[in-house]
Amino acid sequence: MKPLNLVEKILKDHLLEADELPAAGELIKIKIDEAFTQDATGTMCMLQLQAMGISRVKPLSVNFVDHSMLQSGFRNPDDHEFLKSSAKKLGIIFSPPGTGICHFTNMENFVKPGMTGVGADSHTVNAGGAGAIFMGAGGYDVALAMATGAYTMPMPSVTKVNLTGQLNKNVMAMDVILKMLEIVGVKGGKGIIFEYGGPGAKTLSLTERATITNMGAEMGATTSIFPSDENTKAFLESRGRGGDYQELSADEGAEYANTIDVNLSDIEPLVAIYPSPGNVEKMKDHAGTKIHQVCVGSCTNSSYEGIAMFAEALKGKRVVVDTLLYPGSRSVSMQLADAGYLKDLFQSGVRIMENGCGACIGQGGSPPSKSITLRTFNRNFPKRSGTDDAQAHLISPLVAAASALTGEMTVPEEKEIKIVEVPPVIDTDSFIMPLPQEEAEKEDIVMGPNIMLLPDFDPLPDEVKGEVLLKLEDNISTDDIQPAGTYLPLRSNVKEYAMQATFRLVDGTFAERSVAHRDAGGYGFIIGGENYGQGSSREHAALCPRWLGIRAVIVKTFARIHVANLVNFGIVPMTFKNAADYDKIKQGDTVSFDATNLDGDLALTVNGESIPLEPAFDKDHIPTLKSGGALARFKETYKG
Ligand code: MIC
Ligand code: SF4
């Protein structure tokens, strides 16, 4: 038998409707062992399950609350109630606010080696640290996975990352993934699963591995994975889950599409300079730059071990800039307390914040105007911090500690740091379990006044004609399209979220112009450059533009999750056959395309010229596009 790599083994084990794995790029349908949402994407997901008429989910499912926790007003708490009551009724576990960041809490409690999963959040890939294949997806795709236990995606190719050597004392897992970003870039991971291995992998703990797989999202990768070995076992056993362990690795002689060699011993402290996780530079080249704030946490760097290293580096000294800490979970916070670190951190002047996403998604913790903030987070896109003219650079917890003490970007000293070893605190009591089916039938779903039912969208016309409402550059992120931060309380209300936020930070007139164009019978177009839609999985970045009348997005290249979301909301995603044609189109141009045969040659007519296009959708998605979106198509075809 042909030796298989780890990705092939797990995918083969989960194949539905086929016996063999397809070639890279072809669609693959797999069984899903776990599906989850978080609050900022979850309410849409629950609305979609309602619209689908689903009364009970199939795979293990969890609704986490970790993003929208400021609760300044009724909207966030109403969303939480909606998620809790939906969970109870539909058979979903509910993780209430304060329990922890979805990816972190998921790893602590639910992920097992060899599992497959989808989550309505791009950093779902975090779970790859435990030898599982987990992917970020839009809310509709997660709702579908909850309803059917299946997920369809383009078969990725597998790149081996061969790790050798060992981390230096002032270098952390964060620096490893920054190194990968330096090598691969923010779009180089598209269509790829990175399979880590080699002797260096054995030197990394499970939480260090998760830091690395987590930020695979920033390379645009489908996901990343580490083998399951003694370190995986140690993590699971420490959480009373030894029975969930199985050893998993690639077969001897397994093949890979590509190999990247990384010697851990060669890595030095790195930093991703604002405004992209891909702008990786050496910390030492920035040493001495004045900073104004330090934030530690996020799903990337909020483990007990990471925070304990941070606390040890600060011990007995005082931070000189505003320093905020967001632990990954209640369990991590309790472990920090048991070890005495909470007191140490308070004594060092650190602000201990809630176990949640917090400043990472602009829920408080914004830096001052024109300042520099250092963050152990995974994204530093423009304006994401909530302060338009502040710059966020991404760093490891050790760089965070060294810099918080000096008020300048500082390379940490190379010295041994020993952390206090205390056992993790098991926190399964925080979860609210679903009701048994009979009781669930009597349960009502609670929907506050801000929660708007999903709009019905019309089918695609044969001739799509209208105006180019926006022309954009390369690397437009979903934070540019549909900002989060202060707009998060609007996640359950498509109309308000679209009118108040869509492209608001890029062009404040977009929403009003689009509605006027839509109401006059026009179909809106957006033109963009490379890697359009990078970043989060938020389907609102497709849903809200669709509500505003956008029917086609034409760019040089798309990011993976966003293109799936566009299809799900009936927006036709296409790319230029010749990238140079991008220059022939201006904002305000009247354009059209013939959508009668989406399987044939596609072209955009602009100023009397025909510009050839390529579909960015798969042939199988044509019926969805024609029906006006995935929900409409589901209702037409689903047999239960
Ligand atoms: C993010 O980090 O951008 C988010 C907020 O977690 C998103 C999900 C969302 O927009 O709700 C993500 O990464 O998918
Ligand atoms: Fe939350 Fe930030 Fe992680 Fe997104 S990247 S899930 S906002 S901690």
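Indexing begins at 1, ligand by ligand and atom by atom, following the structure's order. In what follows, every heavy atom counts, from backbone to side chain, and hydrogens, waters and symmetry copies are set aside.
Remark: side-chain polar atoms of Thr557 are paired, donor with acceptor, to backbone N or O of Asn531 under 3.5 angstrom. Side chain of Thr124 to backbone of Asp121: a donor-acceptor contact under 3.5 angstrom is found.
For atom 3 (Fe) of ligand 2, protein N/O/S neighbours under 2.8 Å (waters excluded) are Cys299 SG.
Listed by chain and number, the residues in a side-chain contact (heavy atoms from CB on, under 4.5 Å) with Arg330 are Thr99, Met334, Asn355, Asp427, Ser430 (sequence neighbours excluded).
Ring-plane geometry between Tyr341 and Tyr304 is classed as tilted, the angle between the planes lying from 30 to 60 degrees on a 0 to 90 degree scale. Between Tyr497 and Tyr487, the ring planes lie tilted relative to each other; the angle falls in the 30° to 60° range.
Sorted by chain then number, the residues whose non-hydrogen atoms approach ligand 1 to under 4.0 Å are Gln38, Ala40, Thr41, His67, Asp121, Ser122, His123, Ile361, Arg379, Arg384, Arg491, Ser536, Ser537, Arg538.
Heavy-atom proximity to His67, at under 4.0 Å, picks out these atoms of ligand 2: 1 (Fe), 4 (Fe), 6 (S), 7 (S).
Contact of the Ser333 side chain with the Pro327 side chain is registered, since non-hydrogen atoms from C-beta on lie closer than 4.5 Å.
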Report all side-chain donor-acceptor pairs from residues 171-185 shorter than 3.5 Å, counting only partners two or more places apart or in another chain.
| residue | atom | partner | partner atom | Å |
| --- | --- | --- | --- | --- |
| Asp175 | OD1 | Leu270 | N | 2.9 |
| Asp175 | OD2 | Met172 | N | 2.8 |
| Lys179 | NZ | Glu182 | OE2 | 2.8 |

Begin with the C-alpha distance, continue with both residues' side-chain angles, and end with the deciding distance and a verdict on side chain to side chain contact (heavy atoms under 4.5 Å, CB included) for Arg375 and Gln293. CA-CA 8 Å; Arg375 301 177 157 211; Gln293 187 198 47; 3.1 Å; yes
Could you walk me through whether Val186 and Asn475 pass the side chain to side chain contact (heavy atoms under 4.5 Å, CB included) check? CA-CA 9 Å; Val186 289; Asn475 292 319; 4.0 Å; yes
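Between Phe110 and Phe431, a ring centre-to-centre spacing shorter than 6.0 Å is recorded.
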